[in-house]
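What follows is a set of notes on a single structure, which appears directly below.
Throughout, protein chains are lettered first and strands after them, A, B, ... in sequence-line order, and every chain is numbered starting at 1. Note that these values count all heavy atoms, side chains included, but never hydrogens, waters or copies made by symmetry.
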There are 2 protein chains.
Amino acid sequence: MKIGQVAEVSGLPAKTIRYYESIGLIEPAGRTSSGYRAYQEKDIETLKFIQRARSLGFSINEVSALLTLWNDRNRASSQVKELAKHHVADMDRKIAELQSMKNTLSNLIEKCQGDHRPDCPILNDFAQTDR
Amino acid sequence: MKIGQVAEVSGLPAKTIRYYESIGLIEPAGRTSSGYRAYQEKDIETLKFIQRARSLGFSINEVSALLTLWNDRNRASSQVKELAKHHVADMDRKIAELQSMKNTLSNLIEKCQGDHRPDCPILNDFAQTDR
DNA sequence: ATGAGGCTTACAGTTACAGGAAGGTCAAGC
DNA sequence: GCTTGACCTTCCTGTAACTGTAAGCCTCAT
């Protein structure tokens, strides 16, 4: 299979697949006689695995760790669980931060008339020096 | 005031202040005879404004727009409100995305024993080819 | 054999800075 | 007068995870 088809079935852009190879996340693919990348079933499964993990927000480094665990028949499931829990904790932190920023800004928006007049509580708040 | 003190009162690292100058977000600061940046009260207010806007998650580009609006005595408050609402919508999207990823992963985590045994529903799910 | 579309590499651009090197400046202390 | 240490300067590199673009092969159908 050539990279274009692999891109379709894996859900990852061809460009991204080449990138993953370039940073060493995946093994260099085999090549046809003319130099095109040639993928095996196993490679495609790996790329699908990566796509799935990335879509859940794991970083490339985390995905790399997950791949290692996946390929280690004897790993303890606790290792995977720990990694996943860390990631959930990260997401929780980000959600809380976004929520807090959103709440603050929403409050300011409510106070702003939003008409043709220049007076704006949002800008006034940003400009407030004593907070 | 020199950049170090400005960093303290504005809450922005000196490095960041220089960076903002380099990308044109703020006007180049004045200089002392020996070449150090010298800041006026107005500059400091601007930097505080930027810090506040950035802390609410506005991008540099958005902050730039906000600064322009702030300096335009005749802008309509509706312009500011629109910009802010866009940003809240962005944050809402991000929150929803994170929440969805978190829910999916949390479900998988619950199913994983997390003990010394290798069997792991999380990895199994990632490896699932038919989804 | 020719044209379309897929593949190749390589390099630049994105966002918002942080780290570090090499060197100039300033105030205080001996 | 000199040194020391803190602060300042510019310049370059690195980060995360790609995306865009250019210039040039390869393949296949007509």
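- With hydrophobic clusters built from ILVMFWY side chains whose heavy atoms lie under 4.5 angstrom apart, A:V6 does not share a cluster with A:Y36.
- Side chain of A:R37 to backbone of A:A29: no donor-acceptor contact under 3.5 angstrom is found.
- The heavy-atom pair separating A:L47 from A:I26 by the smallest distance is CD2-CD1, 4.1 Å.
- The list of ring pair (Phe, Tyr, Trp, His ring centres under 6.0 Å) pairs with a residue in residues 81-123 of chain A, not counting sequence neighbours, reads A:F58-A:H87.
- Only B:R31, B:G35, B:Y36, B:R37, listed by number, bring a heavy atom of residues 25-39 of chain B to less than 4.0 angstrom from any atom of DNA chain D.
- Across all strands, B:I3 comes closer than 4.0 Å only to sugar-phosphate atoms, never to a base (heavy-atom distances).
- If you walk DNA chain C from 5' to 3' and mark each nucleotide with an atom closer than 4.0 Å to a heavy atom of chain B, the marks span C:dA16 to C:dC26.
- For DNA chain D, the outermost nucleotides in 5' to 3' order that have an atom under 4.0 Å from a heavy atom of chain B are D:dC7 to D:dT10.
- At a threshold of 4.0 angstrom between heavy atoms, the contacts of A:R54 are confined to the sugar-phosphate backbone, with no base atom among them.
- Two residues are said to be in side-chain contact when any heavy atoms from C-beta on lie closer than 4.5 Å; B:L25 and B:L67 meet this criterion.
- Direction change of the helix axis from one end of the helix from C:dA1-D:dT30 to C:dC30-D:dG1 to the other is 30°, with five pairs defining each end axis (rounded to 10°).
- Mapping B:K15 and B:N61 onto DNA chain C by nearest heavy atom places B:N61 closer to the 5' end of the strand.
- Hydrophobic clustering (side-chain heavy atoms under 4.5 Å, transitive across Ile, Leu, Val, Met, Phe, Trp, Tyr) groups A:V80 together with A:I60.
- Atom OG1 in B:T104 sits 9.0 Å away from atom CG in B:D125 (nearest 0.5 Å).
- Salt bridge annotation for B:D119-B:R117: absent, with no cationic side-chain nitrogen under 4.0 angstrom from a carboxylate oxygen.
- Checked against ring pair (Phe, Tyr, Trp, His ring centres under 6.0 Å), B:F49 has the following partners two or more places apart in sequence or in another chain: A:F126, B:W70.
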